[in-house]
Amino acid sequence: MTQTTAESPARKQRAQLKVRTLRTDRWWLAPALTFAALMAFLIYGFWAIFDGSYFVDPYIAPFSSPCLATSCPEGARFLGFAPFGDWYGLPPGLLILGLPAGFRFTCYYYRKSYYRSFWLSPPACAVAEPHKKYTGETRLPLIIQNVHRYFFYGAIVIGAVLTYDAILALVHKPGGLGTWILLVNAALIVAYTLSCHSCRHITAGRLNHFSKHPLRYRAWTFISKLNAKHQQLAWASMFSVMIADFYVRLVAKGVITFPYA
Ligand code: FES
């Protein structure tokens, strides 16, 4: 059998179908649900950033942590540190929003999900997209998605801060429901961050001989197991951070009250 390496012009073209897709299943359901869930997250995040009830000792809402402005209440400041002086009058959460938002926005999994559900590019396998041409992530603006690996380092810091917040809550209020909500959230955020494809690559991506780097190999083996669950962790951590954040705000507003909160 002979093989040719050059593609014929006919093979480069898409199938000439008169209908958008031949699929008969409910292919639209997954992108529709994804769209609804991501929109809910965006709307909640927008509201939360501007909501002033983000701290009630010993809980701090994850969307506003670390709290780095002088407007942060005394106990809410991260390690008592407030590098942004009185001149800063916007919500404290805006100062750190870029790190977790940039990390999720450029995440390989979220890219797939919002390219499908928001840009319909394409909405599902074997369903034609409405756009005339496809340039992918090879040029502006989508080539900027490659900054993801740098957001990973920022996300590690945010994961560490949320873990610190949860441990502080555990020390000061071990029986509080909020403590356990914050602990579960911190665990899911850290698991999602460590399951990142960039993390897997950083751990041992360029090694030729695992046997010469046993520690990195063990780390890579562990990260690879998490990485296989990256999609699930992306959703679980997204919902957990919303739930934890909303819970703390409800306690701070007095809707849910101590001693059990
Ligand atoms: Fe999803 Fe890095 S690939 S967080």
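Values below: all heavy atoms of this structure, side chains included; hydrogens, waters and symmetry mates excluded. Residues: numbered from 1 along the sequence shown. In listed order, ligands and their atoms are each counted from 1.
- Evaluation of the ring pair (Phe, Tyr, Trp, His ring centres under 6.0 Å) test over residues 167-208, restricted to residues two or more places apart or in two chains, returns F103-Y192, Y108-H197, Y192-H230, H197-H230.
- No hydrogens or angles considered: a donor-acceptor pair under 3.5 Å links the side chains of D86 and T70.
- Considering only residues two or more places apart in sequence or on other chains, C67 meets the disulfide (SG to SG under 2.5 Å) condition with C72.
- Salt-bridge annotation for K253 and D51: present, with a side-chain N of the basic residue lying under 4.0 Å from a carboxylate O of the acidic one.
- Note on atom 2 (Fe) of ligand 1: protein N/O/S atoms under 2.8 Å are H148 NE2, C196 SG.
- In this model, no donor atom of one side chain and acceptor atom of the other lie less than 3.5 Å apart for R77 and S71.
- Judged as a disulfide (SG to SG under 2.5 Å), and not counting sequence neighbours, C199 has no contacts.
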